[in-house]
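Just so you know, these numbers come straight off a predicted model, no measurement behind them. Both ligands and their constituent atoms are indexed starting at 1 by order of listing.
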Amino acid sequence: MSVVLRVPAADWRAHQRRVQAATPGLVPVAKGNGYGFGLARLAAEAAALGVDSLAVGTPAEVAAVRDIFPGRIVVLQPWRPGEPGAEDLLADERVIHTVSRVADLEHLSASGRRPSVLLELLTSMKRHGLTVSELTEVRRVLADDSVDVVGWTVHLPMPAATGGNAAEAERLGKAGLAVRTAPLWFSHLTGADYDRLRATLFTQTRLRIGTELWLGGSVGRRTLATVLDVHPVKRGERVGYWQRTMPADGSVVVVSGGTAHGVALEAPTSAATGRQRLISAVNGSVEALGWALSPFTIAGKKRWFVEPPHMQASMVYVPGSKSIPAIGDEIPVQLRLTTATVDEVVLED
Ligand SMILES: *Cc1c(COP(=O)(O)O)cnc(C)c1O
């Protein structure tokens, strides 16, 4: 009774190796839901790649990877005093803390532990980071060598939104280097921009990649749900929590996969306008009823939700008497892997 992610292991790992070969200084990112694979799985993949550092999102995520990945662990979310687990993490010498405010840098500097830090520079993202005008103060705090500066970090917007980030990356990188010579860590540079910056910046560079590394390439990944039950229904019969009326004879198919897996109720799409609804109504289509298309495919077609997904299962409608799946059949379910939680990841030969 589960949702399964099936991955051709050899293809997936060949893709990872291609990204690694094209990205000197690669730092894999494993955070949140682990891009659908889970943090432990990605930590193992990163260990197999032989990289020296792995990035996680939050202090709490360090525990999910630290016994599996043997290298250094970067926490991407900036270190803040009082954040759950943040103070304890200072005792872990494998962890690299991201610092985005002068006050936090002072706090770390006074901790007496000489923690390893990445100094984050504020970019046009406007998420977190030190501004260039704060760098004089940063220089002052760094003067007594009370923190170990692992590098400067520059988290850029999506290149597709800006037409490329090379100029901003170079400007900020140089501003950091003027204060302290250290490696430059980037996020969201195109490969071409990264190559060019590596050639011009005269310092070690690192590039943090998640989505493209784990979910990119033409790897034949499949997410599959299981048919749990099939019930014939008559036209006019009312079913489900919400006792919706069935538009024609057919079947209600109960499948694994619900809100807990990230199965969402997409808004009704094609029948948005009144005119379209009228046309659908004349054709006797469920679109006329304002039903929503589900991400589940049965016999080659996306099927309509009978009602919003339940926590761990969903009910979809198959009209007529053909194309009825059997209990136990695996059917494709379209999930966005950055928001999905699958029950099982199966690496296939
Ligand atoms: C999430 C994140 C990344 C990885 O982003 P992808 O788009 O998944 O490659 C890189 N850098 C930072 C700071 C992040 O928060």
*Please work out whether the ring planes of Y317 and W291 are parallel, tilted or perpendicular, with thresholds of 30° and 60°.*
perpendicular
*Check: L130 main-chain N/O paired with E134 side-chain donor or acceptor under 3.5 Å*: no
*Going by an N to O cut-off under 4.0 Å, is there a salt bridge joining D193 and R198?*
no
*Identity and distance of the protein heavy atom lying nearest atom 9 (O) of ligand 1*: G210 N, 2.8 Å
*For ligand 1, note which part of H188 has a heavy atom under 4.0 Å away: side chain, backbone, both or neither.*
side chain
*Any donor and acceptor pair, going by atom type alone, linking the side chain of S256 with main-chain N or O of T226 inside 3.5 Å?*
yes
*Can you find an N/O atom of M158 closer than 3.5 Å to an N/O atom of ligand 1?*
no
*asked:* Please classify the R127 to ligand 1 contact at 4.0 Å (heavy-atom distances, strictly less than): side chain, backbone, both or neither.
replied: side chain
*Specify side chain, backbone, both or neither for T211, according to which of its non-hydrogen atoms lie closer than 4.0 Å to ligand 1.*
both
*Mark the output for Y35 as yes if a heavy-atom distance to ligand 1 is under 4.0 Å, and as no if none is.*
yes
_Ring centre gap for W185 and H155 strictly below 6.0 Å_ = no
*Aromatic rings Y194 and F186: how do their planes relate, parallel, tilted or perpendicular, breaks at 30° and 60°?*
perpendicular
*Taking only heavy atoms of K31, which atoms of ligand 1 are found under 4.0 Å from at least one of them?*
1 (C), 2 (C), 3 (C), 14 (C), 15 (O)
*Sub-4.0 Å heavy-atom approach of H155 to ligand 1*: yes
_Show the atoms of ligand 1 that are less than 4.0 angstrom away from any heavy atom in S187._
10 (C), 11 (N), 12 (C), 13 (C)
*ligand 1 contact by H128, heavy-atom criterion under 4.0 angstrom*: no
*Could you tell me whether the side chain of V154 reaches within less than 4.5 Å of the side chain of L156, counting heavy atoms only?*
yes
